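As the structure is a prediction and not an experimental result, all values here were calculated from the model.
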Amino acid sequence: MRITIVCVGKIKEAFYRDAVEEYRKRLSGYCRTEVVEVADEMTKEGASAAQEEQVRKKEGERILSKIKPDAYVITLEITGKKMDSAAFSNMLQKAGVEGKSHIQFVIGGSLGLHALVSQRADLKISFSDMTFPHQLMRVILFEQIYRGYRIANGQPYHK
């Protein structure tokens, strides 16, 4: 299985980068991982709804340019389907059984995803009703992918 995280912006804090790299290292025994970063747009303080939509559109175009036609695309959206870690693990395993050899997870920028990116998704998931910084969400996603593989392989992991 190949897993790509397509995300807006770079991680600025070293502790987030270190956490992502730790989980990527742990995942190397289960799957191949890749992070694809696209540039984020500056949003002016007090931007209008139209200006925010323009930011989402530009970021969305960049995201869509990185999506592979044959990939199974999973977007992280606050309105997406919620699942526990066991269901997330099952979803990863089911994708592999169904012949989906490349999963691309998408994490939007601070204003969320453009509608065109959401429409491209094969599955929309939500980790919480809360909003998280997209840098932290990258760590959380990698941790859940790792947890999912541990669960699928019957290996112990913290509950």
Distance-minimising heavy-atom pair for [X] and [Y]:
X	Y	answer
G80	S126	O-CB, 3.5 Å
R138	I107	CA-CD1, 3.7 Å
L64	V117	CG-CG2, 3.9 Å
S89	G148	OG-O, 2.6 Å
A39	R62	O-NH1, 3.0 Å

Hey, quick one: are [X] and [Y] part of the same hydrophobic cluster, counting side-chain heavy atoms closer than 4.5 Å, chains of contacts allowed?
X	Y	answer
V35	L92	yes
Y149	M83	yes
V6	I11	no
L136	F105	yes
M91	I5	yes

Close side-chain approach of [X] and [Y], heavy atoms under 4.5 Å:
X	Y	result
I140	M137	yes
I67	V106	yes
V8	I63	yes
Q144	S85	yes
I3	L27	no
Q51	V55	no
I125	F88	yes
E59	V38	no

For [Y], does its backbone N or O pair with a side-chain atom of [X] as donor and acceptor, under 3.5 Å?
X	Y	answer
E41	R56	no
R32	M1	no
E77	L113	no

Checklist entry - Can you check side-chain contact (heavy atoms from CB on, under 4.5 Å) on T33 and F142, steps first, answer last? => result CA-CA 9 Å; T33 62; F142 267 109; 4.0 Å; yes
Cationic N near anionic O, under 4.0 Å, [X] to [Y]:
X	Y	result
K82	D84	no
K66	E34	no
E21	R24	yes

Item to check | Side-chain H-bond candidate by donor/acceptor type, S110 with H134, under 3.5 Å | outcome: no
Next on the checklist: Could you tell me if T43 and E52 have a donor-acceptor pair between their side chains, going purely by distance under 3.5 Å?
Outcome noted: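 Side-chain D/A pair, E52 to T43: absent.
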Next on the checklist: So if I apply the side chain to side chain contact (heavy atoms under 4.5 Å, CB included) rule between I74 and each of D122, L141, I103, which one comes out positive?
Outcome noted: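 Only one option passes, and that is I103.
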Item to check | E53 vs K57, salt bridge (charged side-chain N to carboxylate O under 4.0 Å, His left out): CA-CA, chis, key distance, verdict | outcome: CA-CA 6 Å; E53 179 62 12; K57 183 176 184 202; over 6 Å; no
Checklist entry - Can you tell me how far the CG atom of L123 sits from the NZ atom of K100, to the nearest 0.5 Å? => result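 With rounding to 0.5 Å, CG (L123) is 10.0 Å from NZ (K100).
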Item to check | Rounded distance [0.5 Å steps], NZ in K68 versus NE2 in H102 | outcome: 7.5 Å
Checklist entry - Parallel, tilted or perpendicular: which fits the ring planes of Y146 and Y30, with parallel below 30° and perpendicular above 60°? => result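 Perpendicular.
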Next on the checklist: Using salt bridge (charged side-chain N to carboxylate O under 4.0 Å, His left out), reason through E61 and K58 one step at a time and then give a plain yes or no.
Outcome noted: CA-CA 5 Å; E61 288 168 351; K58 286 179 184 177; over 6 Å; no
